[in-house]
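Read the structure below first, then the notes.
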Amino acid sequence: RCAYCVIPRARGPVRSRSEISILEELRRLAASGYCEVVLTAISLPSYGKDTGTGLAELVEHAAAVAGIERIRLGSLDPDMLTDDDIRRLAAVPKLCPQFHLSLQSGSSKTLRAMRRPYTTEQYAAVAAKLREAFGEENVSITTDVIVGFPGETEQDFEDSMAFVAGQRFLKVHVFPYSRREGTPAFDFPNQVPEHEKESRSRRMTAAVEKVRAELAHAAQGRTAQVLLETPLSSTLFTRLTPYTTTPEITAITPITMAKGSHSGVFFFFLRRRGASFPPMSGCAGRRGGGACCAPAVLRVFCSGAACGARAA
């Protein structure tokens with residue numbers, strides 16, 4: 001149990017939903033036209049520990065449900081991902097290789113104080129295994145980082161920032177430490193002043209956004225499969241979800257489509273003030289209407305350091 005978290009007190013012991021129940025719901029969703037699902041839980045890799053199954057087995061069975069084309073996973077604990085889990089997950093083509101791998105600090109000293117059950121070295125090893133199993137260019141890893149934890153020195157923070165930047169995360173959610181009554185960390189000595197926590201939060205955010213911009217720039221000119229999620233009208237969508245989470249794709253909103261001459265095929269037009277881009281073929285429309293079900297192919301166009309076109 002982490003020193004700063006109140007969730008275990010509210011959650012109680014791990015209780016897994018039955019696999020039969022989950023697969024029945026997936027079949028109902030698929031019959032309604034949904035084609036992407038997210039498997040999520042407070043401690044997702046713990047799934048099945050109390051029922052004799054496991055997360056990898058659930059993903060394999062979910063992928064066998066007709067109509068479900070893409071599967072995503074919620075937040076993962078690095079210490080609970082085994083080599084066998086990674087091998088089996090990588091063998092599921094429908095699993096989107098975008099992983100939110102919980103970190104919390106890039107300093108092993110701070111991780112020990114937080115009572116996290118891994119070191120930065122162990123974390124880096126798991127991230128490397130994911131990249132190797134799924135392919136370096138295919139994998140996107142995001143994470144959470146807390147700054148200003150009690151006892152975190154300036155050197156600890158610098159170590160954390162260097163580790164986080166070195167991992168080349170696509171997105172990092174940065175949080176200043178917030179005290180919670182009833183947690184061990186609430187009474188820890190050497191609480192970091194609020195102004196210092198805010199300063200470290202800004203510095204960490206600047207560091208990770210620099211990496212994000214570099215990754216976006218490196219993705220210039222790629223094609224990507226996307227899912228159109230939120231329709232504003234019959235031809236206008238406001239959210240695109242790639243197979244992996246790529247910044248140059250998620251930055252492009254909204255997207256306008258004009259129906260082509262072939263049944264079920266649409267052409268994409270990316271628009272921004274004073275500019276338009278050539279169309280690329282793809283598809284849109286949940287079966288029967290709604291979000292795009294079949295993958296759409298979208299050519300990425302980059303503009304400046306942000307490497308993405310923002311619509312008017």
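With values rounded to the nearest 0.5 angstrom, E36 atom CD is found 12.0 Å from L29 atom CG. Atom NZ of residue K109 and atom OG1 of residue T120 lie 13.0 Å apart, to the nearest 0.5 angstrom. Distance check: L103 CG to H173 NE2 gives 12.5 Å after rounding to the nearest 0.5 Å. For the atom pair S107 OG and F149 CZ, the distance stands at 11.0 Å (nearest 0.5 Å). Taken from CE in M204 to OG in S199, the straight-line distance is 11.5 Å, to the nearest 0.5 Å. With values rounded to the nearest 0.5 angstrom, T183 atom OG1 is found 9.5 Å from R115 atom CZ.
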Quick one, I42 with V14, criterion side chain to side chain contact (heavy atoms under 4.5 Å, CB included). Give me CA distance, side-chain angles, the key distance, then yes/no. CA-CA 9 Å; I42 292 175; V14 169; over 6 Å; no
Give the C-alpha distance, both sets of side-chain angles, the deciding distance and a yes or no for ring pair (Phe, Tyr, Trp, His ring centres under 6.0 Å) between F99 and F134. CA-CA 11 Å; F99 303 99; F134 287 87; 5.0 Å; yes
As a quick check of understanding, evaluate side chain to side chain contact (heavy atoms under 4.5 Å, CB included) for Y4 and R180, giving each step before the final call. CA-CA 7 Å; Y4 55 84; R180 293 287 187 268; over 6 Å; no
Salt bridge (charged side-chain N to carboxylate O under 4.0 Å, His left out) assessment of E24 paired with R27: CA-CA 5 Å; E24 285 177 349; R27 294 186 188 100; 5.7 Å; no
Using the side chain to side chain contact (heavy atoms under 4.5 Å, CB included) rule, take I71 and L39 through it: C-alpha gap first, then chi angles, then the decisive distance, then the call. CA-CA 7 Å; I71 301 169; L39 304 178; 4.1 Å; yes
Would T205 and R202 count as a side chain to side chain contact (heavy atoms under 4.5 Å, CB included) here? Give the steps. CA-CA 5 Å; T205 298; R202 289 191 296 271; 5.7 Å; no
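Scanning both residues, V38 and G74, for their nearest heavy atoms gives CG1-N, 4.3 Å. Residue V92 comes nearest to A63 through the heavy atom pair CG1-CB, 3.6 Å, listed as atom of the first residue, atom of the second, then distance. Counting all heavy atoms, side chain and backbone alike, L170 lies closest to L215 at CA-CD1, 3.9 Å. Considering every non-hydrogen atom in both T119 and L111, the closest pair reads C-CD1, 4.0 Å. Counting all heavy atoms, side chain and backbone alike, Y123 lies closest to L101 at OH-O, 2.7 Å. In terms of heavy atoms, T143 sits closest to S102 at OG1-C, 3.7 Å.
Two residues are said to be in side-chain contact when any heavy atoms from C-beta on lie closer than 4.5 Å; Q98 and R72 meet this criterion. Under the 4.5 Å side-chain criterion, counting only non-hydrogen atoms from C-beta, R116 is not in contact with S105. Within the 4.5 Å cutoff, the side chain of Y177 has no heavy atoms near those of the E152 side chain. Counting heavy atoms from C-beta outward, Q104 and D144 have side chains that approach closer than 4.5 Å. A 4.5 Å side-chain heavy-atom check between T53 and Y47 finds at least one atom pair inside the cut-off. By the 4.5 Å heavy-atom criterion applied to side chains, I22 and L58 are counted as neighbours. R200 places none of its side-chain heavy atoms less than 4.5 Å from the side chain of S160. At a threshold of 4.5 Å between non-hydrogen side-chain atoms, the residues K94 and R70 do not count as touching.
Neither M80 nor I141 shares a network with the other; the hydrophobic side chains, linked directly or stepwise wherever heavy atoms of I, L, V, M, F, W or Y lie under 4.5 Å apart, form separate groups for each. Hydrophobic clustering keeps F157 apart from F175 (ILVMFWY residues linked when any side-chain heavy atoms are closer than 4.5 Å, directly or through intermediates). There is no path of hydrophobic side-chain contacts, each under 4.5 Å, that joins V192 to V174. Linking Ile, Leu, Val, Met, Phe, Trp and Tyr whenever their side-chain heavy atoms come within less than 4.5 Å puts M161 and V208 in one cluster.
Remark: R168 engages E214 in a salt bridge, criterion side-chain N to carboxylate O under 4.0 Å. The pair R203-E158 meets the salt-bridge criterion, since a charged nitrogen lies less than 4.0 angstrom from a carboxylate oxygen. The pair K129-E132 does not count as a salt bridge, with every side-chain nitrogen at least 4.0 angstrom from each carboxylate oxygen.
For Q191 (side chain) and A185 (main-chain N/O), a donor-acceptor pair under 3.5 Å exists by modelled atom type. A donor-acceptor contact shorter than 3.5 Å is absent between the side chain of D159 and the backbone of D156. In this structure, D50 contributes its side chain and S16 its backbone to a donor-acceptor pair below 3.5 Å. Judged purely by atom type and a 3.5 angstrom limit, T110 has no side-chain atom pairing as donor or acceptor with the backbone of G106. Between the side chain of E198 and the main chain of H195, no donor-acceptor pair closer than 3.5 Å is present.
Residue E154 places its CD atom among more than 12 non-hydrogen atoms of other residues, nucleotides or ligands, all under 6.0 Å distant. By the neighbour-count criterion of 12 heavy atoms within 6.0 Å, atom CD of E137 is sparsely surrounded, having that number or fewer from other residues, nucleotides or ligands.
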